[in-house]
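What follows is a short report on a single structure.
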Amino acid sequence: MTEVITDPTPPILHGPSDKEKKYDRQLRLWAASGQQALEDAHILLINSGSGTVGVETLKNLVLPGIGKFTIADENTVGQADLGVNFFLDEDCLGKLRSECCVRLLQELNPDVQGNWFPKNKNETIEQLFDGTMQFTMILYTAPITRARMELVLKYGQQRNVPVISIHSAGFYSYFHINLPGNFPIVDTHPDSTATTDLRLLTPWKELSHFAASLTDNIQSLSAHEHGHIPYVALLLHYLAKWKEEHGTLPSTYKEKTAFRSRVASGARTDTPEGGEENFDEAVAAVLKTISSPGLPSSVREVFDYTPNKMESTASFWIIADAIKQFYNKHNTLPLPGSVPDMKAQSTVYVQLQNIYKAKARQDAAEVLKTVRSHPRGKDINSAEVESFCKNAAFIKLIRGSKSSEASPTNIKVLAEREFENDANAPMMAMPLSLFPIYLSLSATTFYPTSDASDIIGTIKNVFPDAASTPRVVEAAEEVARANGGELHNISALTGGMVAQEVIKIITKQYIPIDNTCIFDGITSRTQVLRI
Amino acid sequence: MASSKKRDRFNAQSLGMPLNDKVKEARVLMVGAGGIGCELLKNLVLAGFGEVHIVDLDTIDLSNLNRQFLFRHEHIKKSKALVAKEAAHKFNPNVKLEAHHANIKDSQFNVDWFKTFTMVFNALDNLEARRHANKMCLAADVPLIESGTTGFNGQVQVIKKGITACYDCTPKETPKSFPVCTIRSTPSQPIHCIVWAKSYLLSEIFGASEDESPEVDNSEDSENAKEIEKLRQEAQALKQIRESMGTEPFPQLLFDKVFKDDVIRLRSMEDMWKTRRPPEPLDYSATAQLDSREAVEKTLKDGQRVWDLQENISVFKDSLERLNKRMSEMKATSKGDAAEPTITFDKDDDDTLDFVTAGANLRSIVFGIETKSRFDIKQMAGNIIPAIATTNAIVAGLCVLQSYKVLRGEFTSTKEVFLSPFAPERLLASGRPREPNPDCPVCSVAQTRLLVDMSRATLKDLVEDFLQLELGYGEDLTVNHGNDLLYDPDENENLARKLSELGIKGDSFLTVVDDTERNPRVNLVLNVQEKTGLEGKPIKSLDIAGKQTRDEMPTPASPIPRRKTSVPQSNGHTNGNGTSSSIAGKKRSADEALNGDTPDSKRSKIVSNGAEDGVIVLDDTDGAILIDDD
Ligand SMILES: [Zn+2]
C-alpha cells in the first residue's frame with residue numbers, strides 16, 4: 001500500500017436532507033408536491049366519547065408529516081381510556097385528554113406542530129370557529145351534541161373546508177366525508193396498464209413514416225432486425241395492409257381476432273426459439289390497442305359540468321375548458337406521450353419515444369395557447385397544463401355533498417334500495433348490505449348509550465319497517481351492546497382508512513371514496529355508499 | 001390490579017368472556033417488528049394477548065420513522081425487536097413480552113419452538129422469511145396469519161394446515177435477473193446499467209467480489225462462452241486496480257479502466273455493434289476540470305434532478321473518496337482479523353447510493369441510454385417498496401380480527417382480505433379463504449418429526465427400514481435434502497453411510513417423493529431431530545404410528561395419504577366452535593356477535609346458500625343472557 005489520501009474531511013452535508021430520507025417511502029406514492037400539501041395542512045379533530053378513533057387517525061397523519069393538528073376535547077383521562085387509547089399513559093390520569101394526546105402524538109414526529117383546546121375553563125370549543133384559525137380539514141367523532149355538529153358542518157360549508165365524521169363502537173364503524181363543493185382531481189394515479197394510449201388507429205404523419213421506414217422491406221430484413229421491429233411498428237404495418245385489403249380498419253371483435261391471426265402469421269418460425277418475441281408482444285397488444293379510446297365517462301362528466309362563478313376562476317376549470325376545446329376540434333384528447341417497454345433495438349426505441357413525446361408536447365402547446373387566451377389564464381403554470389394533458393383521460397370530478405346532513409328522504413330511498421338488494425342477495429351470491437350498521441350507529445350519534453329499542457325507534461323515523469327487518473334489529477342490538485365503547489383494534493383499523501382518505505383529499509391525488517364507508521369487524525367487510 | 005381489571009372490562013364486554021379468556025391465555029409469535037409489526041404489537045397489547053414473542057433481525061433506520069411509530073430518532077441503529085418490546089410494554093404491563101434480535105431462520109427457532117405458540121403472525125417484508133415461517137408453521141401445525149403491504153395495497157390471509165391455502169400454494173414472482181452479457185457488454189436499459197454499477201462495479205471494488213448477485217444470471221452456453229471468458233479477464237484486471245485503492249491516481253485508474261479501456265475493447269468487437277449503437281468511451285482527463293467542493297455539495301443535495309456528465313463524474317470521484325476513506329478506517333480498526341472488511345450496497349447508505357448513481361449514469365452515457373435521477377435509481381437499485389402508516393394500520397387491524405376466528409378454531413370463517421385502494425367503491429375486498437392447492441409443494445405434503453440417533457443412523461436405516469418397511473413405500477422413491485439428491489433406486493451408493501456423514505443435522509428437512517406410477521403418496525417431509533441414546537431402532541417417527549410401534553393399535557395400510565388429482569369442490573362451511581344453542585338472550589351476546597357469518601341453522605331465520613357473507617344468524621328466542629363483566 002502506498003500513501004493514503006489525507007484530504008481534509010469534507011463537511012458532512014452530503015446527500016438528501018434527513019427529511020427527504022425520513023419520508024422516502026411515501027414520497028414514492030405522492031411525490032414532493034403531495035408532501036408539500038400535507039405539510040401546509042392544518043387538521044382539527046373534535047374528539048369525544050371514548051376518543052380513540054380520532055386519535056388513531058391523527059397518528060397516521062402525524063407520522064407522514066402533516067403540518068399542524070389541533071385536538072379539541074373537554075374530557076379528562078380516566079382508567080377506561082388507558083385500555084383503548086395508545087396515546088395515553090398512567091401519568092395522564094385525571095389530566096386533560098386533549099393535552100395528553102397531543103403530547104404523545106407529537107413525540108412521533110418533531111416536524112409536526114400539535115395544539116390542544118380548550119386551554120382553560122373559560123374557553124369553549126365553539127370559540128374555535130370564530131374565524132381566527134384556518135383549518136384544511138375538520139374531523140369529528142361521535143358522540144357529539146346536535147348543536148355542535150351543526151355548527152361544524154355550517155362552518156365547513158361556509159369556509160369551504162371538508163368535514164369528516166367518524167363513528168366507532170364495538171365491532172362496527174363508519175366514516176362520512178362531507179366535501180363542501182365539487183372536488184376535481186387531475187392526478188388520479190391510474191393503473192399503469194390502463195394509461196397506454198398509442199393512437200394506432202389514428203397515427204399522425206411522423207409516426208406512420210417512422211413505422212413504414214422500419215417495415216418497408218420487412219421480408220428481406222435480417223433475423224436480428226426482423227425480431228427487433230417494435231410491436232407498435234408491426235401493428236401499424238399490418239393495419240395499413242388490412243386497410244388496403246378491406247377498405248376499413250378492423251373494428252368488430254371478429255375482425256380484430258382475424259387481424260390478430262394475421263399479425264401472428266407474420267412471425268418467422270425458423271428462429272432458435274421457434275418464434276419472435278416482438279410478434280408475441282404485437283399479438284398480445286391487439287385487443288387492447290386496436291380500439292379508439294373514446295371519451296371516458298368521468299371526463300365527459302367534467303366536460304358537461306358548468307362551473308359556477310367561484311369555481312370558474314380556478315385553474316382546473318380553465319384548463320379543463322381548453323382541453324374540451326381541443327377535444328371538440330380533434331375528436332381526441334391530448335396525447336399522454338408515454339411508450340410502454342417493448343422488444344426493440346435501443347436506438348429505435350428511443351426514436352419511437354421521441355416521436356410520441358414530440359406529439360405530446362405539440363398537443364400540450366396547443367392547449368396552453370387556449371389557456372393563455374383566457375382572461376385569467378396568464379398566470380397558469382405550463383407544468384400544470386402539461387400534467388393535466390398527460391392525465392386528461394383520467395381526470396375525475398367528485399361532487400360535493402348537497403345538504404349538510406344526510407336527509408331523511410335520502411336515507412329512506414337508500415334503505416329501500418339496500419334492503420331490496422338484500423332480498424335478492426342470496427340468489428345473486430351478493431354480500432349483504434352494511435347499511436343497517438350505518439343506521440344503528442348514526443342513531444346513537446347524540447345518545448351513545450341507547451338500548452336496542454331506542455335505536456330501532458330512531459331508525460323507524462326514516463325507515464318505518466326497522467323493527468321487522470332482522471338485519472336492522474341485529475345491528476341495533478350489537479350497537480347497544482357496545483354501549484358507546486370502542487374496541488382499540490377496530491378504531492385503529494378505521495383510523496387507517498380515514499387517514500388514507502384525508503391524505504387523498506389534501507394531496508388532491510388518488511380518488512377519495514364518495515362518500516361513506518361502513519365497516520363490519522365481525523365479517524371484516526366494508527361497503528361504500530353515497531349518503 | 002384493580003386498574004388492570006377496569007382496563008380489561010371493555011375487551012371482556014365486547015369479545016365475551018370465553019373469547020377474552022382465550023385472548024389472555026394466548027401465547028403468540030410475531031415475526032417482524034417493522035411497519036405492520038409496530039401496528040400489530042400495539043393492537044395485540046391493547047387487546048390483552050397474554051404473551052407476545054417478537055423476532056426481528058433488523059435495526060432501525062431513519063426511513064422507518066414515517067410509519068414505524070414505536071421508534072424515535074434516538075433509536076436509529078438499535079434492534080427493532082428490543083425497542084418495540086420496550087415501547088409496547090409501557091402500554092400494558094400485564095402482557096408478557098419477549099424480544100429476539102435474531103433471524104427467524106436461526107436453528108434456535110426450530111419446529112418444537114414454533115409448536116409452543118397458539119398462533120404466529122407474519123409481519124415481514126421479504127419472500128424468503130415469509131416462506132420459511134410458512135414452512136415452519138405447517139411443520140409445527142400452528143395457525144399462521146400472513147400479511148403484507150406495498151404502498152396502498154395490502155393483504156391478510158389465515159394459513160391452517162390442511163384447511164386453508166398456504167403462502168406457497170400460489171407460485172410467487174421471483175425477482176428478475178438479467179443475462180450476464182446484457183449487464184456487462186450490451187446494456188440497453190437504465191436498469192442494466194444500475195445492476196452493473198451495484199452488482200459489478202461496487203462489489204468488485206469494495207465487496208467480497210466472489211459474491212454472486214442474484215440479479216445477474218451467469219449461466220453459460222456455447223454462444224456466450226468466449227465473451228464470458230473475456231469478461232472474467234476484465235474482472236480480474238479490475239481486481240488489480242483495487243490494490244491501488246487509497247492512492248492518489250486511484251479514481252482516474254478506475255475511471256479509465258471501466259469507462260474507457262473496457263469500452264474500447266468492447267467497441268472493437270464489431271459483430272456486436274452491427275445492429276446496435278456502439279458504446280462511446282469517456283475521457284477522464286478531458287473532464288478533469290472537476291466541480292468545486294461547493295458545486296459538488298449542491299449537486300448532491302439535488303437528488304430529484306437528473307445530473308449531467310460533468311456532475312456525474314464529480315459525484316463519482318467524490319463518493320469514491322468517501323468510500324475509500326471508510327474502507328481504510330475499517331481496515332485500521334479490524335487490524336489482523338481474518339476477513340477483509342467490505343462495503344455492500346445499501347439503498348439508505350448515501351455513499352454507496354451516490355457511487356452507484358454516478359457509475360450507472362456514466363455507463364448509460366457510454367451506451368447512449370437515458371440517465372436517471374438519484375431518487376429513481378434508489379428505487380430501482382434498492383427494490384424500494386413504498387410504505388405508509390395508513391396501510392399498515394388497516395392490515396394490522398385485519399390480522400387481529402382474523403386472530404379472533406383462529407382462537408375460536410373457526411378457520412373456514414376467516415377472511416382473505418385484499419386492500420383495494422384503487423377501487424374507491426369498496427376499499428376492502430374480503431373473500432373466503434382458499435383451499436390448499438393439492439399440487440402445492442409445501443403444504444400438500446405429509447409431515448413428521450423424526451427422532452434420529454445421529455451416532456448410528458444410516459441412509460439404509462432411513463430408506464429400507466423406516467420408509468419401506470414401516471411406512472410401506474415401494475422401490476420407486478427418492479430422498480432429497482434441499483437440492484441434493486440423497487437416494488433414488490439408481491443412486492444407492494450412499495446407503496451404508498451415516499446420515500451425519502451426508503450433511504444431515506438436527507433440524508434438517510428431508511423430502512421423500514413416492515415415484516410409483518399408480519396412486520402415489522403425497523410427498524413426505526421429514527424434520528430431523530437429534531436424539532442421542534435412542535433405544536432400539538436408530539430412527540423413530542414422532543407423529544406417525546409405524547408398524548413396529550409398541551402400541552397394539554392397528555395401523556392403517558398407508559399412514560401417508562395418496563395424492564389427490566384435482567381441487568375438491570368445497571362447500572364446507574363448518575361450524576367449528578360449537579356455540580351452545582341454549583343461549584337465550586334479550587341482549588345479544590358477544591359470542592353470537594362474533595359468530596357473524598358462521599351459521600347455526602337451528603337458530604337461523606334466514607339462511608342463504610352460503611354466498612360471500614350471505615349467511616345471517618338471527619336469534620329468535622327471547623330469553624336473557626348477560627355477559628359477566630369480571
Ligand atoms: Zn400450500
Side-chain angles (χ1 to χ4, degrees), chain A residues 1-2 4-5 10 13-16 18 21-26 28-29 59-60 63-64 79-80 82-84 86 89 108 170-171 191 224-225 345-347 425-426 429 431-432 470 474 477-478 481-482 485 487-489 492-493 495-497 499-500 511 513 517 521-526 528, chain B residues 3 6-7 10 14 42-43 46-47 62-63 65-67 69 90-91 151 188 246-248 275-277 293 297 300 303 328 350 369 379 384 386-390 393-394 397-398 400-401 415 417 422 424-428 430 587-588 593-594 596-597 605-606 608-609 611-614 616 618:
Chain A
M1 290 290 274
T2 37
V4 171
I5 300 172
L13 286 167
H14 290 299
D18 269 10
K21 278 199 201 166
K22 185 165 79 179
Y23 296 138
D24 182 81
R25 301 301 186 269
Q26 68 198 41
R28 294 176 194 279
L29 291 169
K59 157 187 145 283
N60 297 322
L63 286 166
Q79 271 294 344
L82 302 186
V84 287
F86 194 73
D89 56 28
L108 299 180
F171 277 96
D191 187 28
H224 184 85
E225 287 166 332
Q345 292 171 39
S346 56
T347 41
L432 292 167
E474 183 195 43
E477 285 176 351
E478 178 63 13
R481 201 170 63 79
L487 270 177
H488 177 82
N489 188 57
L493 193 161
M497 294 200 284
Q500 191 146 304
I511 302 174
I513 60 151
C517 176
I522 296 167
T523 60
S524 299
R525 270 204 308 130
T526 53
V528 173
Chain B
S3 73
K6 267 191 190 161
R7 270 179 176 219
F10 191 70
S14 282
K42 166 180 68 98
N43 294 355
L46 286 180
L62 179 58
S63 66
L65 301 188
N66 78 326
R67 59 195 186 282
F69 64 89
K90 285 188 213 148
F91 292 91
S188 60
T247 65
E248 183 84 51
T275 59
R276 294 186 180 98
R277 169 195 174 281
R293 187 75 244 140
E297 293 297 345
L300 289 171
S328 57
D350 290 339
I369 295 166
Q379 174 140 3
I384 289 186
I388 39 165
T390 53
I394 300 169
L398 289 167
V400 174
L401 289 175
K415 286 287 158 63
V417 187
F422 302 114
E425 64 278 7
R426 58 167 189 232
L427 296 182
L428 297 182
S430 321
K587 261 195 161 182
R588 193 170 136 91
L594 268 176
D597 50 354
K605 248 187 195 162
I606 307 166
S608 80
N609 66 350
E612 222 253 80
D613 293 330
I616 314 163
L618 193 81

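Throughout, protein chains are lettered first and strands after them, A, B, ... in sequence-line order, and every chain is numbered starting at 1.
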Of the non-hydrogen atoms in [X] and [Y], which two are nearest, and what is the gap between them?
X: B/Leu427; Y: A/Val528; result: CG-CG2, 4.5 Å
X: B/Ala393; Y: A/Gly496; result: CB-CA, 3.9 Å
X: B/Asn43; Y: A/Ala492; result: OD1-CB, 3.8 Å
X: B/Asn66; Y: A/Leu63; result: O-CB, 3.3 Å

Is it the backbone or the side chain of B/Ile384 that comes under 4.5 Å from a heavy atom of chain A, or both, or neither?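 Side chain only.
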For [Y], is there any backbone N or O sitting under 3.5 Å from a side-chain donor or acceptor partner on [X]?
X: B/Ser430; Y: A/Ser524; result: yes
X: A/Asn489; Y: B/Gly397; result: yes
X: A/Arg25; Y: B/Ile388; result: no

Checking heavy atoms, do the side chain of A/Gln345, its backbone, both or neither come under 4.5 Å from chain B?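 For A/Gln345, the side chain is the part near chain B, not the backbone.
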Is chain B contacted by the side chain of A/Thr347, its backbone, both, or neither, given a heavy-atom distance below 4.5 Å?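 Contact with chain B: side chain only.
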Taking side-chain hydrogen bond (donor to acceptor under 3.5 Å, both in side chains) as the definition, give me every residue that meets it alongside A/Asp24, ordered by chain and number, with sequence neighbours left out.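 A/Asp24: side-chain hydrogen bond (donor to acceptor under 3.5 Å, both in side chains) contacts with A/Arg28, B/Lys378.
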Between atom [atom1] of [X] and atom [atom2] of [Y], what is the distance when rounded to the nearest 0.5 Å?
X: B/Arg67; Y: A/Leu108; atom1: CZ; atom2: CG; value: 14.0 Å
X: A/Gln500; Y: B/Ile394; atom1: CD; atom2: CD1; value: 4.5 Å
X: B/Ser63; Y: A/Gln26; atom1: OG; atom2: CD; value: 11.0 Å
X: B/Leu62; Y: A/Lys22; atom1: CG; atom2: NZ; value: 7.0 Å

Most contacts with chain A, counted as non-hydrogen pairs under 4.5 angstrom, among B/Ala387, B/Ala47, B/Ala389: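 Maximum pair count with chain A is reached by B/Ala387.
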Tell me, out of B/Leu65, B/Val400, B/Leu401, B/Ile369, who's got the most heavy-atom pairs with chain A below 4.5 Å.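 Winner by heavy-atom pair count: B/Leu401.
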Can you check side-chain contact (heavy atoms from CB on, under 4.5 Å) on A/His488 and B/Lys42, steps first, answer last? CA-CA 9 Å; A/His488 177 82; B/Lys42 166 180 68 98; 3.1 Å; yes
Let's test your reading of the structure: which of A/Pro64, A/Ala499, A/Ala482 forms the most heavy-atom pairs below 4.5 Å with chain B?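 When all of A/Pro64, A/Ala499, A/Ala482 are compared, A/Ala482 has the most.
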Of all residues at least two apart in sequence or in a different chain, which pass the ring pair (Phe, Tyr, Trp, His ring centres under 6.0 Å) check with A/Phe86?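 For A/Phe86 the ring pair (Phe, Tyr, Trp, His ring centres under 6.0 Å) partners, ignoring immediate neighbours, are B/Phe69, B/Phe91.
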